[in-house]
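Because only heavy atoms are used, hydrogens play no part in the values below, and waters and symmetry mates are left out as well, while side chains stay in. The first residue in the sequence is number 1, and the count goes up from there. In this text, all values refer to a predicted model and were calculated from it rather than measured experimentally.
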Amino acid sequence: MRREMTAMSMFALTVAAGFHPSPATADDPQSSLAPLLRREFDLGGTRLPGTRYFDMETTFVSHGLDGKRGDTETFRVKLDCVSKGDAAGVGDRYTCKRFVYVKPDGSQVSIPALEGWTYTFRQTETGLDEKGQVLGIDHSRFEHLADSDGTPLPPDKSYLIYNTFIDFHAFCDEFARPVAEGNGIQDLRRIGQRIVHAAAHSTPPVNLGSNVKEGSYFKNGEITLGLKGLSIVADAACAVVEFDSGASSFQMMIEVMPGMEVNTVGASHYFGDIYVDLETRWPLKVDMRELVISETKIPIPGSPKPMTTTTIHERRSLIRAVTKEAHERD
């Protein structure tokens, strides 16, 4: 309290004597901000090898056409990654420690088939592996999923679980790593700079197993990346890279039972920030928001016209790098 009072007294005396503090002098830390913010950054370097730990949570909130909030569902996954710093060559080795699904009623179940699942992520020029699987995520792992209560999961829930891994690598690898062909994060060198990403207007397939049929797709809009600024995450200096999908669209054809196909078309807009550690070049945090509007046509036995429903979903995904101790705690 005495130190604060002394400082206040000195300030009062200075003002009373007719002297006013300069907003930014040579000795003021603020005077060095402009050169720092104007400097060039290298976001295209190789990531440091080592073991990393991540928590990811994705929440879906439905909205009615009357504006009322509907059901909320949450998907949580814990991943660890052993990396040699060469994702395009030897790849990064990931292990799913646990996957939890929180139902609209608040009850939680885990997905036993994913506990301890280990896979290798490799970055490719096309974003597909030799089997045509997006980002190399194995489709067969998501066939006939059941929860920890032994209840089989419907196709739409299995797809959302699969898509959690797609999103993780899309944000943490496709956007946060340099690309071999076209523009990527390596081209962002100054704060305020923005580029159109190489994945802009791409149309990756979204078919999955025997339920989500071939011909289903997600079409990205004009994806942009921007170097938004600097921040601190877990005491590490980070570049804040903003991503924006532009106007995206999709079509999904799901066979809910033999001979019964449900068709959904819709539009999506996703955007958010990736916090990239300037030293290790690993993402320490990703915060994504998405708005999805869709129309689904469900065939009705004995009726020439299908039933049509319109849905609006708001989605948020949050990815955080965590310590080994936090990863092992639960």
* To do: Please state whether the rings of Y94 and F121 are parallel, tilted or perpendicular, taking 30° and 60° as the class boundaries.
  => perpendicular

* Taking the six-membered ring for Trp, are F175 and F243 parallel (under 30°), tilted (30 to 60°) or perpendicular (over 60°)? -> tilted

* Asked: Are a donor atom and an acceptor atom from the side chains of S140 and D138 found within less than 3.5 Å of each other?
  -> yes

* Asked: Between D244 and H269, do the side chains contain an N or O donor and an N or O acceptor separated by less than 3.5 Å?
  -> yes

* **Residues R281, D42: salt bridge by 4.0 Å N-O rule** => yes

* **Inter-residue atom distance K228.NZ - L188.CG, 0.5 Å rounding** => 13.5 Å

* Check: S303 side chain, P299 main-chain N or O, donor-acceptor pair, under 3.5 Å -> no

* Within the side chain of R315, is there an N or O that forms a donor-acceptor pair under 3.5 Å with the backbone of M288? -> no

* To do: Please lay out, stage by stage, how T151 and D149 fare under the test side-chain hydrogen bond (donor to acceptor under 3.5 Å, both in side chains).
  => CA-CA 6 Å; T151 304; D149 291 334; 5.4 Å; no

* Give the C-alpha distance, both sets of side-chain angles, the deciding distance and a yes or no for side chain to side chain contact (heavy atoms under 4.5 Å, CB included) between F54 and V286. => CA-CA 11 Å; F54 297 95; V286 179; over 6 Å; no

* **Full working for side chain to side chain contact (heavy atoms under 4.5 Å, CB included) between T124 and D129** => CA-CA 7 Å; T124 66; D129 67 5; 5.6 Å; no

* Inspect the surroundings of NZ in K324 and state if more than 12 heavy atoms from other residues, nucleotides or ligands are less than 6.0 Å away. => no

